[in-house]
Amino acid sequence: LLEPQINYKYSCKDHEINIFIGGTYQQMQSTILNVSGRGFESNALITNLTAASTVSVIQDVLTEYKYAALFGRINYQYKNRYILNLTGRRDGSSRFGQDKQFANFEAIGAAWLFSEEKFLAGSPWLSFGKLRASYGLTGSDLIGDYQYLDTYTVSSTKYGSSTGLYPSRLPNPYFSWEKTTKFEVA
């Protein structure tokens, strides 16, 4: 996992700007090997697979996952009362087909700290008041690997001495990012 980041802050009399830029890169590889043995001469040898008369590979899977993202945020404040947030990101995942691997996600938010206004300064009944709204799009790739591909399963029945395959999933070129849109006012 690699996550470089840059943060920049500028402020003057009534204005403050914070800019944040970063990225993420992740790569993961997993291997599954499931082997079965039968026909041991005694139970004392049952933990030694080479002592089995028949050894079968049940499952041999290599899975690779790659994820990369670039993201940024701009926060602007005027007179410590008016706030604007803009965020954006571009994510890429190996869990989708070639035309669907990348997606853009963005959000905008605004806030007004009305308790900082002169007409409420020193108010005995209000110490803090804020009105805010936001709208944004988020995404997720939390699905299994290679779900967009057609897959085949090894058949338990044989044709002569050959092991057969049967289709277990059809290809889906439209398989893409899960996207959630959110709007909030508080």
* Asked: Under 3.5 Å, is there a donor-acceptor pair between the side chain of Ser56 and the main chain of Ile58?
  -> no

* Asked: In chain order, what residues pass the ring pair (Phe, Tyr, Trp, His ring centres under 6.0 Å) check against Phe105, with sequence neighbours excluded?
  -> Trp177

* To do: With sequence neighbours left out, write down each residue that passes salt bridge (Lys or Arg N to Asp or Glu O under 4.0 Å) with Asp145, or none if nothing qualifies.
  => Arg95

* Asked: Between Glu117 and Arg81, is the closest basic N to carboxylate O distance under 4.0 Å?
  -> yes

* Assess the side chains of Ser168 and Thr151: does a donor N or O sit below 3.5 Å from an acceptor N or O? => yes

* **Any side-chain heavy-atom pair of Phe71 and Phe20 under 4.5 Å** => yes

* Polar side chain donor-acceptor pair, Asp141 to Tyr65, under 3.5 angstrom -> yes

* Return yes when atom CD of Gln98 has more than 12 non-hydrogen atoms of other residues, nucleotides or ligands closer than 6.0 Å, and no otherwise. => no

* To do: Show your reasoning for whether side chain to side chain donor-acceptor pair (under 3.5 Å) applies to Gln27 and Glu64.
  => CA-CA 7 Å; Gln27 183 175 353; Glu64 187 172 47; 3.1 Å; yes

* Are Leu62 and Leu149 connected in a single hydrophobic cluster, I mean Ile/Leu/Val/Met/Phe/Trp/Tyr linked by side-chain heavy atoms less than 4.5 Å apart? -> no

Only distances under 3.5 Å count here; give the side-chain donor-acceptor pairs of residues 127-135 to other protein atoms, sequence neighbours excluded, each with its distance to 0.1 Å.
from	atom 1	to	atom 2	distance (Å)
Arg132	NH1	Glu184	OE1	2.8

* Asked: Excluding sequence neighbours, so at least two apart, what forms salt bridge (Lys or Arg N to Asp or Glu O under 4.0 Å) with Arg90?
  -> none

* **Set of ring pair (Phe, Tyr, Trp, His ring centres under 6.0 Å) partners for Tyr78, sequence neighbours left out** => His15

* Structure fact -> Rounded to the nearest 0.5 angstrom, the CG-CD1 distance for Leu86 and Ile108 is 5.0 Å

* To do: Mark yes when over 12 heavy atoms from residues, nucleotides or ligands other than Asn43 sit less than 6.0 Å from its CG; otherwise mark no.
  => no

* OH of Tyr76 to CD1 of Ile19: how many Å apart, nearest 0.5 Å? -> 12.5 Å

* Structure fact -> Distance col, row Leu49:CG vs Phe40:CZ, nearest 0.5 angstrom, shows 5.5 Å

* Is the number of heavy atoms from other residues, nucleotides or ligands within 6.0 Å of CG (Asn7) greater than 12? -> yes

* ring pair (Phe, Tyr, Trp, His ring centres under 6.0 Å) partners of Phe175, counting only residues at least two apart -> none

